[in-house]
**Q** 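If you scroll down you'll find the structure; I have some questions about it.
Only a predicted model underlies this, so the values are computations on that prediction, with no experimental measurement involved.
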Amino acid sequence: MSAPNAGDTAWVLVCAGLVLFMTPGLAAFYGGMVRTRNVLAMLQQNMIALGVVSLTWVLVGYTIAFGDDAGSGLFGNLELFGLTDLKVPPAPNLHVVDGRITIPTLAFVLFQMMFAVITPALVTGATAGRLRFGGWVLFLAVWSIVVYAPIAHWLWHPGGWLAKFGTQDWAGGLVVHASAGAAVLAVLLVVGRRRDWPHTAAPPNSIPLTIVGAGILWFGWFGFNGGDGLQANGLAAQAVLNTHLAAAAAMLVWLALERVTDGHSTVVGAVSGAVAGLATVTPTAGYVNAASAVAIGALAGLVCHFALKLKYLLRLDDALDVLAVHFVGGMLGTLLLGLFGNRGVNPLGADGLFLGGGGGLLWRQLVGVVSVVAFSFVLTWLIAAGVQALIGLRVPPADQERLDQAQQGADAYHLGGVTSLTAPGAPRRRTTAAPAGEPSVPPGQRVRVVTALLEPDPAANSADLRDALLRVGAISVIVSDAAVATTTPQASLLPRGYWQDQPLSARLRVTVLVGAEGVGAVLDELDRMGARRSDTFVQEAERVQP
């Protein structure tokens with residue numbers, strides 16, 4: 001038996017860690033794109049895959065995917081169930097993968113586990129706001145065994161029927177992206193649309209969080225594509241380089257298209273294009289040269305950008321455009337391998353149409369796409385419909401806009417417009433000094449309550465706002481968030497080229513308690529801050545007994 005190669009083993013273990021890191025990256029990427037009250041639910045739907053799928057993979061998923069073929073090319077036997085038989089290892093050898101790739105098979109188990117984890121997590125972006133947590137956990141467990149593991153066997157096990165047929169998939173264009181995309185189609189048929197879709201837009205709660213998530217995904221993708229040769233060699237370097245170049249090219253093409261179609265090149269568009277390029281180059285990364293990777297990335301930016309309209313054509317409420325980016329990207333990259341495949345890069349590959357190999361590889365890639373998509377779609381629909389009937393997969397409509405409270409009893413954010421106002425002063429230690437006393441107003445004295453609406457910008461500094469009103473006679477000042485109806489809805493650009501007309505505009509409601517003689521001065525000061533007299537009210541009040 002060959003001894004494990006330390007360098008190759010270390011590389012594969014590092015790549016396993018990089019792919020694991022992609023799951024919280026995906027959680028952040030999606031978490032920033034959903035509504036404020038659904039952030040925690042989205043994060044949890046992604047992170048729970050690390051717990052559920054890791055266990056199903058060790059128990060039964062790995063043996064179905066990479067155990068000795070059961071004879072049909074469809075799935076492996078159950079001899080590796082639970083990875084318990086370590087003394088007399090069946091093939092694939094539990095100590096060394098094979099004679100050419102001398103890494104411990106347990107390193108391979110770990111590396112492949114991370115692919116199994118992140119694949120179904122992609123579905124959560126399409127179903128944002130609609131998944132019941134318990135139903136999602138059950139769906140994850142069943143799908144990872146019944147759908148993912150057999151497809152991995154078809155393409156990544158030497159005895160798999162698509163592998164023997166000659167279909168190629170370097171790192172998951174079919175196994176990951178196409179299978180998850182077909183699953184999205186099926187799950188959306190079961191959970192349906194959000195209320196008022198497509199007439200009501202869902203603005204993201206934190207674009208910075210989305211950008212951080214995208215950066216983690218890009219970083220982790222080096223392990224996603226770089227580790228699939230299972231060796232630390234020139235082919236791994238080629239795969240990593242191809243990964244980066246395709247993402248860069250797709251980003252630039254997407255931004256150019258945004259500029260032409262929407263008038264702006266946005267940061268969300270930049271990372272959307274990059275992720276589309278990453279998904280598209282995935283099946284080709286270890287089979288093409290650098291120039292081909294640039295072309296593949298550019299085509300990904302073009303095709304996936306226009307595929308954003310796909311969900312409207314299909315009338316499917318794909319909340320975060322998983323179909324356009326991952327499904328279309330995975331299938332596109334798989335087919336492009338039939339054009340750009342280059343045996344000079346990888347002798348285990350095949351030449352594509354552009355390299356003189358004819359149309360044979362392209363045909364085999366097409367068969368792979370049709371087979372994987374059909375299998376994943378049918379079985380996913382059966383699983384999702386079964387879970388919906390058994391314990392429920394779709395949340396009640398009333399909970400769609402408040403999943404964090406409904407499922408976790410908590411909120412992701414506790415900041416409003418008032419607490420976000422700036423104020424002068426350096427950080428200092430907390431003291432126990434008594435608070436400053438309030439202006440003395442005898443109980444029972446008649447006072448006035450002045451209520452006005454301000455634009456947030458002129459009142460951006462909370463200390464200035466307070467001091468100005470106290471200076472002209474205010475007794476107390478209360479500031480709260482408000483929204484006002486507008487006669488002309490304000491059009492705002494949402495990520496990926498979508499627009500919404502918002503008929504309510506954010507304002508600050510300022511409530512001032514003041515003596516009768518000071519009302520005029522307070523009104524003048526509020527006027528100076530931009531308040532309109534038509535939106536300002538004065539009421540009589542009485543100071544209550546403390």
**Q** For the residue pair L320 and V34, establish whether any side-chain heavy-atom pair is separated by less than 4.5 Å.
**A** yes
**Q** Would you check if there is a donor-acceptor pair between the side chains of T266 and E258 at a distance under 3.5 Å?
**A**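 E258 vs T266: donor-acceptor pair found between side chains.
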**Q** Step by step, would you call Y30 with V322 a side-chain contact (heavy atoms from CB on, under 4.5 Å)?
**A** CA-CA 10 Å; Y30 286 165; V322 178; 3.5 Å; yes
**Q** Check whether more than 12 heavy atoms from other residues, nucleotides or ligands sit under 6.0 Å from atom CZ of R37, and answer yes or no.
**A** no
**Q** Give a yes or no answer on whether the side chain of D8 reaches the backbone of A232 with a donor-acceptor pair at less than 3.5 Å.
**A** yes
**Q** Is a side-chain N or O of T124 found less than 3.5 angstrom from the main chain of A121, in a donor-acceptor match?
**A**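 Yes: the side chain of T124 pairs with the backbone of A121.
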**Q** Do N205 side-chain atoms and G31 backbone N/O form a donor-acceptor pair below 3.5 Å?
**A** yes
**Q** Once you round to the nearest 0.5 Å, how far does CD1 of I296 lie from CG of L245?
**A** 11.0 Å
**Q** Hey, are the side chains of F21 and I216 touching, using non-hydrogen atoms and a 4.5 Å cut-off?
**A**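 A side-chain contact exists here, since the closest heavy-atom pair is under 4.5 Å.
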**Q** Do V267 and I211 come close enough that some side-chain heavy atom pair is under 4.5 Å?
**A**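 They are in contact (side-chain heavy atoms under 4.5 Å apart), so the answer is yes.
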**Q** Tell me, please, which residues at least two apart from H177 pass ring-ring contact (aromatic ring centres under 6.0 Å, His included).
**A** W221, H326
**Q** In the structure I gave you, are the side-chain heavy atoms of Q365 and P283 within less than 4.5 Å of one another anywhere?
**A**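 A side-chain contact under 4.5 Å is absent here.
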**Q** Indicate yes or no for a side-chain donor-acceptor contact from T63 to the backbone of V60 under 3.5 Å, with no hydrogens or angles considered.
**A** no
**Q** Could you walk me through whether I103 and L13 pass the side-chain contact (heavy atoms from CB on, under 4.5 Å) test, one step at a time?
**A** CA-CA 10 Å; I103 65 170; L13 291 176; over 6 Å; no
**Q** Show your working on side-chain contact (heavy atoms from CB on, under 4.5 Å) between V176 and T282 and close with a plain yes or no.
**A** CA-CA 9 Å; V176 176; T282 290; over 6 Å; no
**Q** Distance check, rounded to the nearest 0.5 Å: L162 atom CG versus L155 atom CG?
**A**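 The distance works out to 4.5 Å.
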**Q** Just by distance, do the side chain of Q408 and the backbone of L40 share a donor-acceptor pair under 3.5 Å?
**A**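 At least one qualifying donor-acceptor pair exists.
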**Q** Please tell me if the side chains of V479 and L465 come closer than 4.5 Å, counting only heavy atoms from C-beta onward.
**A** yes
**Q** With sequence neighbours excluded, give me every ring-ring contact (aromatic ring centres under 6.0 Å, His included) pair touching residues 105-131.
**A**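 As it turns out, the ring-ring contact (aromatic ring centres under 6.0 Å, His included) pairs with a partner in residues 105-131, which skip direct neighbours, are F66-F108, F111-F115, F115-W156, F115-F224.
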**Q** Take L20 and V117, measure what side-chain contact (heavy atoms from CB on, under 4.5 Å) needs, and give me the verdict at the end.
**A** CA-CA 8 Å; L20 182 152; V117 166; over 6 Å; no
**Q** Going through the checks in order, is the side-chain hydrogen bond (donor to acceptor under 3.5 Å, both in side chains) test met by T243 and N225?
**A** CA-CA 7 Å; T243 299; N225 289 350; 2.9 Å; yes
**Q** Check whether any side-chain heavy atom of Y62 sits under 4.5 Å from a side-chain heavy atom of M113, and report yes or no.
**A**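 No; the side chains remain at least 4.5 Å from each other.
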**Q** Could you tell me whether the side chains of D411 and Q405 share a donor-acceptor contact shorter than 3.5 Å?
**A**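 A donor-acceptor contact under 3.5 Å links the two side chains.
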**Q** What closest approach, in Å, do D318 and G125 show between heavy atoms, and which atom pair accounts for it?
**A**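 For D318 and G125, the tightest heavy-atom pair comes out as OD1-O, 4.3 Å.
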**Q** Of all the heavy-atom pairs spanning Q231 and A236, show the shortest one and how long it is.
**A** O-CB, 3.4 Å
**Q** If you compare all heavy atoms of L174 against all heavy atoms of D169, which two are closest, and at what distance to 0.1 Å?
**A** N-OD2, 2.9 Å
**Q** What pair of heavy atoms forms the shortest contact from V53 to A116, and how long is it?
**A** CG1-O, 3.3 Å
**Q** Is the side chain of Q407 donor-acceptor paired with the backbone N or O of A41 at a distance under 3.5 Å, no angle test?
**A**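 Pair absent, no side-chain N/O of Q407 close to backbone of A41.
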**Q** Show me the donor-acceptor pairs within less than 3.5 Å that the side chains of residues 372-381 make with the rest of the protein, sequence neighbours left out.
**A**
| from | atom 1 | to | atom 2 | distance (Å) |
| --- | --- | --- | --- | --- |
| S376 | OG | S179 | O | 2.7 |
| T380 | OG1 | W143 | NE1 | 2.8 |
| T380 | OG1 | S376 | O | 2.5 |

**Q** Between R130 and R194, which heavy-atom pair has the shortest distance, and what is it?
**A**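 In terms of heavy atoms, the two residues are closest at NE-CG, 3.5 Å.
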**Q** Quick one: are L131 and V395 in side-chain contact, heavy atoms under 4.5 Å?
**A** no
**Q** Heavy atoms only: give me the nearest A246-V281 pair and the separation to one decimal.
**A** CB-CB, 3.5 Å
**Q** Within the structure provided, determine whether D321 and S272 are in side-chain contact (heavy-atom separation under 4.5 Å).
**A**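 Result no, sub-4.5 Å side-chain heavy-atom pair not found.
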**Q** Using ring-ring contact (aromatic ring centres under 6.0 Å, His included), reason through W136 and F133 one step at a time and then give a plain yes or no.
**A** CA-CA 5 Å; W136 172 240; F133 182 65; 9.1 Å; no
**Q** Where the side chain of S206 meets the backbone of G32, is there a donor-acceptor pair that is under 3.5 Å apart?
**A**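 Side chain of S206 to backbone of G32, a donor-acceptor pair under 3.5 Å: no, none is there.
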**Q** Rounded to the nearest 0.5 Å, how far apart are CG of L299 and OG of S292?
**A**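 One finds 10.5 Å between CG of L299 and OG of S292.
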**Q** For W57 and V109, indicate whether the former's side chain and the latter's backbone hold a donor-acceptor pair under 3.5 Å.
**A**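 The answer is yes, because a donor-acceptor pair under 3.5 Å joins these two groups.
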**Q** Okay, side chain of D399, backbone of A406: is any donor-acceptor separation there less than 3.5 Å?
**A**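 No; zero donor-acceptor contacts below 3.5 Å.
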**Q** Are F29 and W218, when compared by the centres of their aromatic rings, separated by less than 6.0 Å?
**A** no
**Q** Please check this pair: side chain of D317 against backbone of R193, looking for a donor-acceptor N/O pair closer than 3.5 Å.
**A**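 Not confirmed, D317 side chain does not pair with R193 backbone.
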**Q** Out of curiosity, Q45 CD to F139 CZ, how far, rounded to the nearest 0.5 Å?
**A** 12.0 Å
